[in-house]
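Scroll down for the structure; my scribbles are underneath it.
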Amino acid sequence: MAATQVPEFEHPKKAFGWAARDPSGHLSPFHFSRRETGDKDVAFKVLYCGICHSDLHMVKNEWGFSIYPMVPGHEVVGVVTQVGSKVQKYKIGDRVGVGCLVQSCRTCQDCNDNLENYCSSYTLTYGAKSSDGTITYGGYSDSMVVDEHFVVRIPNELPLDAAAPLLCAGITVYSPLRYFGLDKPGLHVGVVGLGGLGHMAIKFAKAFGAKVTVISTSPNKKQEAMQHLGADSFLISRDQDQMQAAKETLDGIIDTVSAVHSLVPLIGLLKSHGKLVMVGAPEKPLELPIIPLLMGRKLIAGSGIGGLKETQEMIDFAAEHNVKPDIEVIPIDYVNEAMERLIKADVKYRFVIDIGNTLKQSS
Ligand code: NAP
Ligand code: ZN
């Protein structure tokens, strides 16, 4: 069985990255292999890869379905090195990116609706079984080989390092802002949790013309959120007086929190018919209070990344409206420390690994 082969010899192309071997989540150098570039495949040299909190959940097996060894990374950008004979959209030298998905069935209703992210048989960029039976490895590595359908173009206006977080953090907040109608000028949008996803939610909501209130556990993020990221107001979620004073002021909320937290105070911030959209993915279930929802016909929903068409649209929108993630670029050998800092919410606002300059076989 291919899946049980030694990763280094599974495929013809040598590849190198950093992998977690067990739920300690510790990452270290790892030799594996990539498939030959198929007719519809784009092969690219990875230059940068963002660190999503999902990578942290995954390397530690917090969601319970991790497969080891695991090379994380689903905010991957680089430059095309080879294209298959049937590739239409890309050529060698193009700037490209790959997000959370590398395959889907391409025939179901969701795929036909450009919602590959809701296809029940999609393949995640890492830690998943692909259609040939082998396990996928992500972007904390030197190269990728991906079907062109799952590749997006990075416009020249966007620097490659800052473009990386758009592939997951960006689309994950852009898609619900659009779908739930929170993209209209004059609306008042709340953003809970000021990390990678949260800071992108502020930027996109502001670009749509909304007023934005951040709801955070970190008082030290207030000044920067308002002066630099463009938030209009900032609430400390543990400060009951502040939360009370802001009751029933928000049209919608994007909740990006990665840990278990109470929803009651957030529902209280919504106006009647307000929408609380969950995008954070805590490892344990949250309590769902019903009565506060009934009082005002409020809605709680979820949203997961976005389809490929919308991901390209989001990146083009970001380029056009100068929406850029705030990043801390790190070398690959800082990755374990970066994960520790992510646990402590100590990030402004996305770590991006400089793969091109720092991933060396000797590291
Ligand atoms: P992140 O950068 O670590 O940000 C999460 C933020 O949540 C923290 O900065 C912190 O903000 C807040 N927070 C953390 N622990 C908290 C706690 N115990 N109580 C209240 N607030 C807390 O993470 P991220 O990369 O933005 O990802 C956020 C979540 O979204 C993760 O669970 C990730 O797996 C999930 N995710 C989902 C999708 C999707 O498709 N739906 C896609 C990508 C990621 P403050 O300091 O401001 O409180
Ligand atoms: Zn992610």
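We count ligands from 1, going down the list as the structure has it; atoms in each ligand are counted the same way. Positions are given from 1, in the same order as the sequence printed here.
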Side-chain donor/acceptor of [X] to backbone N/O of [Y], under 3.5 Å:
X: Thr256; Y: Gly193; answer: yes
X: Thr125; Y: Leu101; answer: yes
X: Lys211; Y: Asp232; answer: no
X: Arg34; Y: Ala43; answer: no

Note, [X] side chain near [Y] side chain (heavy atom, < 4.5 Å):
X: Leu124; Y: Val102; result: no
X: Lys129; Y: Thr134; result: no
X: Phe208; Y: Phe317; result: yes
X: Lys275; Y: Ile253; result: no
X: Thr123; Y: Ser131; result: no
X: His26; Y: Met339; result: no

If I apply the N/O under 3.5 Å rule, does [X] come out as touching ligand 1?
X: Val260; result: no
X: His261; result: no
X: Pro282; result: no
X: Ala259; result: no

Quick check on Met278 - does any of its heavy atoms sit under 4.0 Å from an atom of ligand 1? no

Measuring from the heavy atoms of Cys52, does anything fall under 4.0 Å of ligand 1? yes

Where on Trp63 is there a heavy atom closer than 4.0 Å to ligand 1, on the side chain, on the backbone, on both, or on neither? side chain

With a heavy-atom distance limit of 4.0 Å, tell me whether Ser303 approaches ligand 1 through its side chain, its backbone, both, or neither. backbone

Closer than 2.8 Å to the Zn ion (ligand 2), which protein N, O or S atoms?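 Listed by chain and number, the atoms are Cys52 SG, His74 NE2, Cys168 SG.
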
Treating Ile, Leu, Val, Met, Phe, Trp and Tyr as nodes and any side-chain heavy-atom pair under 4.5 angstrom as an edge, say whether Val323 and Val152 lie in one connected cluster. yes

Cluster overlap Ile154 with Leu47, hydrophobic side-chain contacts below 4.5 Å: yes

Number the atoms of ligand 1 from 1 as they appear, then name those within less than 4.0 Å of a heavy atom of [X], with their elements.
X: Ser216; result: 45 (P), 46 (O), 47 (O), 48 (O)
X: Cys168; result: 42 (C), 43 (C)
X: Leu194; result: 9 (O), 11 (O), 45 (P), 47 (O)
X: Arg350; result: 24 (P), 25 (O)
X: Ile305; result: 39 (C), 40 (O)

How far is [atom] from its nearest protein heavy atom, and which residue and atom name does that atom have?
atom: atom 4 (O) of ligand 1; value: Gly195 CA, 3.4 Å
atom: atom 37 (C) of ligand 1; value: Val279 O, 2.8 Å
atom: atom 8 (C) of ligand 1; value: Ala345 CB, 3.9 Å
atom: atom 3 (O) of ligand 1; value: His53 ND1, 2.6 Å
atom: atom 42 (C) of ligand 1; value: Thr172 OG1, 3.3 Å
atom: atom 14 (C) of ligand 1; value: Ser258 OG, 3.7 Å
atom: atom 46 (O) of ligand 1; value: Ser218 OG, 2.5 Å
atom: atom 9 (O) of ligand 1; value: Lys221 NZ, 3.3 Å

Picking from His53, Glu75, His199, what satisfies side chain to side chain donor-acceptor pair (under 3.5 Å) with Arg350?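 When His53, Glu75, His199 are each tested with Arg350, the side chain to side chain donor-acceptor pair (under 3.5 Å) holds only for Glu75.
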
Option nearest atom 21 (N) of ligand 1 (shortest heavy-atom distance, choices Val214, Val257, Thr256):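 Among Val214, Val257, Thr256, the closest heavy atom to atom 21 (N) of ligand 1 comes from Val257.
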
For atom 6 (C) of ligand 1, which candidate among Ser237, Gly193, Ser54, Gly304 provides the closest heavy atom? Gly193

Centre of Phe44's six-membered ring, under 6.0 Å away, within 45 degrees of the axis: is that where NZ or CZ of Arg95 sits? no

Ring centres of Phe16 and Tyr137 under 6.0 Å apart?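 Aromatic pair excluded; centres sit 6.0 Å or further apart.
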
Would Asp316 and Arg153 pass as an ion pair if we require N to O under 4.0 Å?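 Looking at Arg153 together with Asp316, the answer is no, because their closest N to O distance does not fall below 4.0 Å.
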
Carboxylate-amine/guanidinium proximity below 4.0 Å for Asp326 and Lys348: no

